[in-house]
Each structure stands twice: as structure tokens, then as C-alpha cells.
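Got a structure for you, written out below as C-alpha cells; questions coming shortly.
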Amino acid sequence: MEKSIARYIWTHTRGHQLWILLVVAVSMIPYFLSFDLPKQIVNGPIQGQGFDQPGATQTFMNISFDLPWLGTVSLFDGVQLTRMQTLFALSMVFLVLVIINGLFKFYINTYKGRLGERLLRRIRFELVDRILRFPPGQFKRMKGAEVSSMVKDEVEPLGGFTGDAFVQPALLGGQALTALFFIFMQNAWLGLIAAVMVGVQAIIIPRMRRRLLVLGRERQITARELAGRVSEIVDGIGTIHAYDTSNYERADIASRLGHIFKIRYDLYQWKFLVKFINNFLAQLTPFLFYCIGGYLALQGRLDIGQLIAVISAYKDLPGPLKDLIDWDQTRQDVQVKYVQVVEQFSVDKTIDPAIQAIAIKNAGSLKHPLAAVNLSLADDSGAKLLERVSVQIHPGETVAIVGGAAGGGDMLAEAFARLTWPESGKVTAGGEDLLELPESVTGRAISYVSSDAYFFYGSLRDNLLYGLKHAPLKSAVYQGAGATHRKWQINEAKMAGNPDYDVNSDWIDYEAANATDAGDLFAPILSVLDTVQLSKDILDLALRSTVSPDDHPGLAEGLVAMRHALRDELEEAGLSNLVVSFEPGAYNTEATIGENLLFGTATGPALVGRAIGKNVYFRSVIRRTGLDRIMFDMGYSIAENAVELFADLPPDHPFFQQLTFMTADDIPEYQLLLQKLKGKGFDGASDDDRGAFIRLSFRYIEPRHRFGLLTPELMATIVDVRRQFHDGLPESMHGDIERYDPEHYLASASLMDNILFGRISHKHSDGSKRIRSIVSSLLNSLGLLERVIDIGLDFNLGAGGKRLTSVQRQKLNLARALVRRSDYYIFNRPLPGLDHRLQEEIVRDALKLVRRDGRDPAVIWVLSNTGLSSLFDRVLVFDRGFLVEEGTHEALVENNGIFKELVSS
């Protein structure tokens, strides 16, 4: 990258800079005229110069030029105006000049801003582009947070400086020189004074500001290091909690913040000292003008109009001069930041842009052998990971790689995937160096999976299909304002040197997924999910999700029908008591008292969470029916029982898992409340204390908690209060609750809750497991299984896929590769978290899947379970970086070598 920020800016914005400089030059004409006009107004119509006689007139707006050989050329002879008319005419001209100067500033600043944002966009894109072309080893030595901080924050000032790089000194310097030239025209002595003071400021202030640049550079580096450290804390939070090092991290952060504080404090002190001196020098000049200029005016060597014009002109001189000095500091500061960024992003052996060039059409199959030729690999410290390995993998061959943790087979897999570059030797495909082939060839023909699974923030579907998004295959359709906006985006992208690819286009290579379009993509996806045994997990995710019926037409009706089918299924199986349904006129004993009372899902802020306890209408209903006292007494009894039973138990005792209405941390609080309210009852309790006990009763389930507090009479009372609550519900609160209705879909409830429309009985210890099995079978028989799994694919994985378990992430990582049709599949210990039985099932099914549709790709699998090597055509055995044995499973067992030891162990 270019080392000088000025040259970089000029290279990419030359034409725009020349245009805006021309505009700046033209703007100096009205700027100069605005200086001379106050003198004309004061000396002319105000003091009467040229209007010696009553009724005298002067020519106004005479436009004529003296040209060589042509003499005087008159464009407009002007008009004759009286003294008063001239005053108003000159004042109007002054107003027009103010407007013209303002419009020039508006245009120049707007143009500069757009120019700066374009170059900022270009710089950021170039930096990210370079990140994408870094050699793989570079990412082991850099922190993602520091790099992202540079791309996001540290280049931000570069965009603001772009528009000012050439325009600002031209504009400010032109304004300052114009004002200074005007002052010289009025009086040479005053002009000399102004010139001397300007020179002093231009010499002293920049020298003092050099210290600010040093401090600014230190502040930038320490802030970047702080961002990297915070990122490490976020990524390593589990380790921090596991080893009780949170206070050490606090001390480290406090130390770093203290260092930053010291730098910033020194910076502020020096900055305001410089500002004080600069302001003092700026105010010293008017003092000299008043003294010397007044003296000259009293002597008659300077008229009042000239003195006023000089003072007025000088008012516009310190501003541009100060801004010019600020510009010079910004220039030096930005240059330092730019050089630091360039140094961080100047990496040796970056990938050639041609290798990552976009390719709309598939380059075809890679039908050549994949070979390592005298290959040696080393880590950053120079330690050998693989030494002089030569091996060839033929198309259609299945190869197992086995060996110890440091055997080196996993490094060979990384080399085949271009994730580790050779120290010596090379990896070839059909004789060509693999590193010289375009990624559009290797990135489609070779699918690589390791145990280190990373997923981008987004849906499960987006991450599953990520390996199919090579190029925009079908353009997005825009209409009306959208089409206009898209054209503007394309134009701006080109102006900023960005590619004009549309992220909203269809990027999915359906052919590579064994599909023709989005409509038939689900079938191959489902087969892959079944292969890695992830379908049930996704079904569970879907059943826990809430779905709007508008997004999935027909689904709501299907689930309501399934709700009734489930009842029939349970009846036939003699399990009718497995699920207790919500009935409008009955109490559901397996649901909480709160659920029975509301008989619906709270959706609005008036009834959600603790807000219901403060809702005026709800409180009026339970107060009128006396239910508030009943629930208070029930909550009091619940608290007494809980404290008596669990107060002496440790917080990690398994009994607390059954205590849904209270946590171990709540026990001491309720102990204090019980002591406080002992013998006082409902009337002696405050609103907050009443609410604390009523909340306990809201979460009570008799069959689960078994305190014997729920009588048939109380259940009947709750059902009656429910009826009164819904009958009198104000119209303004109708949208705050979605009432249970056996014939309607509940948009605010999960899919499982919609299917059950009730609660699983606590009488069956394996009730949840049995229900899930029945529900899955019903979904399949009613033709809803695929639609529900499709909903599960929309599940958001969170940051890095952390909303999934580690086993689910490993399965999804493998599925992401299997969903693509490739010529070579490289699996580098992809399933270390699974037991051997499950690993064997998935390996067997994966080997069958990749040969779907008569295809015959090569499979290279670095095995965690050596016993699975019998499933492969050939086995490569590695030990301490060397390829020590090679052959079929049976032949290697007979050799009685290292392989037999690995199998027997």
C-alpha cells in the first residue's frame, strides 16, 4: 500500500480535487469583495464622501473594462442613485455577497464530505480485502479485535481528512492571504503588523503541537491494545470463571485504563496550553490595530472607513489561520495513523487477487490426483510438523489418516486444504501447485472440515448453506424507488473502488447442492441433516420457537388439526392423562396458578412479567373478588414451607431443580420477609411485600410442589376470577393478552405449546420424552415434519454459533461440507466430541452420502477412532511428522507395526 496518505488521496481523487480547487479559487472573488464593501459603505453614503451637494448622485453598478487595443469596453453603464439609495443598494450587495459566500462554503463542505466518505469506504474495503488475502499463518499472530478496531476506528479520521487534504489549505490559505492582501492595500504598517503576527503563530504553534502527535500516537496504540484485551476476556470468559482469575483481569484492565488516563491527561494539558497561546497571539493583533491604527487615524494618515475595514478583515484572518494550523496538525496525525495501519496490513506473501477473482461459472471437476511432493511443514517457531512427506490421493479413493495427537496427519489435511503453506516441497493437483490454482476451483472442488467449527452470526440455514455462496448467480429484482437506490449504490461502489456485487442477489449454487432451485433444496438438506443425526436437534429447536402464522401460510391450521390428532393418539394408546389440556371452564392442575388465572399468554407491556402486579385493572379484579388475600396467604405458606425445607441445603443441591418458584438466592430474602410480617397478615404488609408473596403463588403447581395448598374450592374461585377478568377486560388491553382457544393457533406460544395446548402431567417421569416421540411421529404422518424442520433452520445461532451445544456445532460443521458436491472431501477429526458408536454411524452414513447420484469423490478422513479405518480403501499412518506406514487396513494389521498398536490401544 502507498506509504504517504497525501499521495494515496491524490491518486484516487485527482479529478475531484482539481474541480473543488477550481471552485475554491472562484470563491475568493466574492470573498475579497465582501472585505472592500464595508469601507465603501462607511466612506460613501454614511460619511458622505462623493455626496457633497444636496441631491447629489453617484453611478452604481457600472461594469466596464480597459482592454489593450480595444480601449474601454462597457457592459453596463450603471444607474444614478442618491446618498440614501446608495446606502441601501450597497447594503443589499453586501447581503448578496454573504449569501454567495455561504453557498460556496456549503457546496465545498458537502463535496468534501462526500469525497471523504468515498475514500474512507475505499480504504476500509482495501483493508478487509487484504485480510482476506493474508497467508493462513498470519492469523495465528494477530488479534481479531485489534484488526477490527483499526478497520473501524483508526481509519475513521482518514476519511475526514480526504476532503481537506488539498482543499483546506487552498481555501484557508486563500482566505488568509486575501484578508492579509486587503489589509496591506489599506495601510502598509497595519499589513506588516498582521503579517508578523501570522508568521509568529505559523512558526510557534506547529512546533508546540509536535508533542500532541506523540501523545496521540501513544493513545491510539494503548486503545488498540485495550480492545484486543477486552476481546480476549470475552473469548476466554469460561477459563476466567473456571480458574477464579476475574480479579486479576480487573487489575490488568485497571492498569491499562490508568496508562490511557495518564496519556490523555497529558494530552489535554498540552492541548489547552497550545490553545491558550494561540488565542493570546490572535487577540494581541487587534490590540495593536486599535493602538497604532487609531494613532494613524488621529493623524489623518488613515481614514475611519479604512480602519473599520482593516479590523473587519482581520476578524476573518485568525479563523482561517487557526484552522490552517489545525489542518497541519491533523495532516501529521493522520499520516502517523495511516503509516501505522499500512505497517499492520503490509504482510509478506499475501494471496494474489487473481486467485480470489470471482467466477460465475463452475470451473468444472478436479479430476486430477491430489499429491504432496516432498512436503515439509513447520510452525511459527520453526518446529517441524511434517517432514518430507510424499503421498498421492487419487480421485474416487477413500483414505484414512491415523496417528497420535502430534503425528502430523492433521497437518497434511490442512496442507491439502491450503490452510497451512509448505515450508518446502509443495501440494499439487494434476501437477499444478495447489497454491497457484484459483480459489474458485479449489474452494468448490475441495470441502474441508476440522474440529474447530466457527459459525457466523445468523440463522442455521445461512451457515449450513454458506459453502454454496461463491458468486451472485441470480440478480435481485428491484422496482420503483428500490431500483433507483440500487443504481445509486452501484455508482457509489464504483466511485469508491468497491465491487458492485449485490449481497441481496441469490448466491446459492443449487447445482452443487444437488438441486435446481430454492424449491427443491430442502430434500438434499434433510438428507444431510439425517446423515449427521442433526434432524432431531433442529426439530427440537423448531418446537421451542414462536412463529408468526403470516410467515408460514397453512401451518397454523395444520398445527391446530394436529392438536386434536394428538388427543386421539393419546386416547388410543391409553395415555389420555399424559397431557392435561387447557379447557375454558376448567382448572388445569398441571399449569401454574398464574397460567390458570390469565388463561392466555401475556403479549403486551401491561401484563408481562412483574408489570401485571402493578396493573390497575388486574389489581382491581383480584381485590374485588378477594383473591389477592387468598394468594397472599398461599404465597406466605409456600415461603414458610420452602424456607423450612431448603434453608439448610447448599445452593447446588438437586432439590432446588424442582423448586421452580424460588431460587437458592431467594431463600434468605424470604426468611427476612417472614420474620418481618410474622403475625401481621395481609393488612400489615406493604405493596412490595404483598407482591413478593403473590408472585410465589403465581408459580405454584400442586402436583409438582405438593404443599397441599390448592383446594377444589380455590380452583373454582380462580376459574371464576378468570372469567371476570376476561369479561371486563378494557378494550385498550385486548392486545396485551392472547387468550387460549382450542380452535385457534397461538402466535405468542411455541410450536410445542400449540400442539400440546396443555401441560405434560408430572405423574409420568418420562412424559416429555414420550410426548416428543409421539409428536415427531404425528408431524411425519400429517406431512408437517419437513415444514417444522424448515422453521428450525431459521434458528439464530448467536455469536460464533454459541447457542448450539459443542456436539451440535460439530455436526453442523460436518453438514456444511456434506451439503456440497465436491471432488475431494477432507475431514480433519471433525467429530471429537462424539462417542465411538455415534462416530461410526455418522462416518458410515457420510461415506454413503457423498456417493449419491453415482458420484465418486475422494474422501480423506483424519480419524479420532482408529478402528474406523477398515471402512476406507487405504490407510496412512503418521508418527512424529513422518509417514511411517501406508496400505490397506488388513495389510497394515498383518505388518505388526505402529498401526496395529494404534488399533489395539
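Since we're looking at a predicted model, the values are computed, not measured.
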Subject >> Nearest non-hydrogen partners of Leu370 and Ala429, listed with the distance >> reply: CD1-CB, 4.1 Å

Subject >> Any donor-acceptor N/O pair, Arg461 side chain to Asp790 backbone, under 3.5 Å >> reply: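 Between the backbone of Asp790 and the side chain of Arg461 there is a qualifying donor-acceptor contact (under 3.5 Å).
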
Subject >> Non-hydrogen side-chain atoms of Thr531 and Leu814 separated by less than 4.5 Å >> reply: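 Counting from C-beta outward, Thr531 and Leu814 never come under 4.5 Å.
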
Original post:
Is the side chain of Arg851 donor-acceptor paired with the backbone N or O of Gly396 at a distance under 3.5 Å, no angle test?
Top reply: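 Yes.
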
Original post:
Would you say the side chain of Phe882 lies within less than 4.5 Å of the side chain of Arg388, judging by non-hydrogen atoms?
Top reply: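 Yes. Closest side-chain heavy atoms under 4.5 Å.
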
**OP:** Report the relative orientation of the aromatic rings in Phe872 and Trp861; use parallel for angles under 30°, tilted for 30 to 60°, perpendicular for over 60°.
**Re:**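 Phe872 and Trp861: perpendicular rings.
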
**OP:** Decide yes or no for Lys900 and Asn895: does some side-chain heavy atom of the first lie under 4.5 Å from some side-chain heavy atom of the second?
**Re:**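 No. Closest side-chain heavy atoms not under 4.5 Å.
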
**OP:** Give the minimum heavy-atom separation between Arg444 and Ile360, together with the two atoms involved.
**Re:**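 Looking at all heavy atoms of both residues, the shortest contact is NH1-O, 4.2 Å.
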
Subject >> Option among Leu902, Val877, Val402 that satisfies the side chain to side chain contact (heavy atoms under 4.5 Å, CB included) test with Glu885 >> reply: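 Passing option: Val877.
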
Original post:
Sub-3.5 Å donor-acceptor pair from the side chain of Arg874 to the main-chain atoms of Thr888, do we have one?
Top reply: no

Original post:
Quick one: does Glu436's side chain have a donor or acceptor within less than 3.5 Å of a partner on Asp433's backbone?
Top reply: no

Subject >> Minimum side-chain heavy-atom gap Val875-Thr866 below 4.5 Å >> reply: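 No, side chains not in contact.
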
Original post:
Asn813 pairs by side-chain hydrogen bond (donor to acceptor under 3.5 Å, both in side chains) with which of Arg809, Lys811, Arg816, Gln810?
Top reply: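 In the set Arg809, Lys811, Arg816, Gln810, the residue that makes a side-chain hydrogen bond (donor to acceptor under 3.5 Å, both in side chains) with Asn813 is Arg816.
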
**OP:** Examine distances only and state if a side-chain atom of Gln356 and a backbone atom of Leu132 form a donor-acceptor pair shorter than 3.5 Å.
**Re:**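 Yes: the side chain of Gln356 pairs with the backbone of Leu132.
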
Original post:
Are Glu841 and Arg837 within salt-bridge range, i.e. N to O under 4.0 Å?
Top reply: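 The answer is yes: the pair qualifies as a salt bridge.
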
Original post:
Looking only at atom types and distance, does a side-chain atom of Ser822 sit under 3.5 Å from a main-chain N or O of Tyr825, one as donor and one as acceptor?
Top reply: no

Original post:
Sub-3.5 Å donor-acceptor pair from the side chain of Asp506 to the main-chain atoms of Leu473, do we have one?
Top reply: no

Original post:
After noting the C-alpha distance and the side-chain angles of Glu840 and Arg844, does the key distance pass the salt bridge (charged side-chain N to carboxylate O under 4.0 Å, His left out) rule?
Top reply: CA-CA 6 Å; Glu840 182 176 356; Arg844 287 181 181 275; 3.0 Å; yes

Original post:
Any luck finding a side-chain donor-acceptor pair between Gln839 and Asn865 under 3.5 Å?
Top reply: no

Original post:
Between Ser440 and Ile358, is there a donor-acceptor pair closer than 3.5 Å when you use the side chain of the first and the backbone of the second?
Top reply: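 No, the answer is negative, given that no donor and acceptor are paired below the 3.5 Å cut-off.
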
Original post:
Are the ring centres of Phe456 and Tyr466 closer than 6.0 Å?
Top reply: yes

Subject >> Exam field: side chain Arg133 to backbone Ile351, donor-acceptor pair closer than 3.5 Å >> reply: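 Indeed, once roles are kept as given, a pair shorter than 3.5 Å links the two residues.
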
Subject >> Side-chain touch Asn362/His470, heavy atoms, less than 4.5 angstrom >> reply: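 Not in contact.
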
Original post:
Quick one: are Leu793 and Leu529 in side-chain contact, heavy atoms under 4.5 Å?
Top reply: yes

Subject >> Minimum heavy-atom distance Leu412-Ala372, with the two atoms named >> reply: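 Of all heavy-atom pairs spanning Leu412 and Ala372, the closest is CD1-CB, 4.0 Å.
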
Original post:
With a cut-off of 6.0 Å (strictly less than), are more than 12 heavy atoms of other residues, nucleotides or ligands near CD of Gln392?
Top reply: yes

Original post:
When the ring planes of Phe345 and Phe134 are compared, do they come out parallel, tilted or perpendicular, using 30° and 60° as the limits?
Top reply: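 Answer is tilted, since the angle falls between 30° and 60°.
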
Subject >> Minimal non-hydrogen separation, Leu375 against Pro422, with atom names >> reply: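 Shortest heavy-atom contact: CD1-CB, 3.5 Å.
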
Original post:
Applying side-chain hydrogen bond (donor to acceptor under 3.5 Å, both in side chains), which residue pairs with at least one partner in residues 766-776 are found, sequence neighbours left out?
Top reply: Asp540-Arg772

Subject >> Side-chain touch Tyr824/Pro395, heavy atoms, less than 4.5 angstrom >> reply: yes

Original post:
Within a strict 4.5 Å, meaning less than it, do heavy atoms of the Arg256 and Thr222 side chains meet?
Top reply: no

Subject >> Contacts of type side chain to side chain donor-acceptor pair (under 3.5 Å), residue Thr398, not counting sequence neighbours >> reply: Asp873

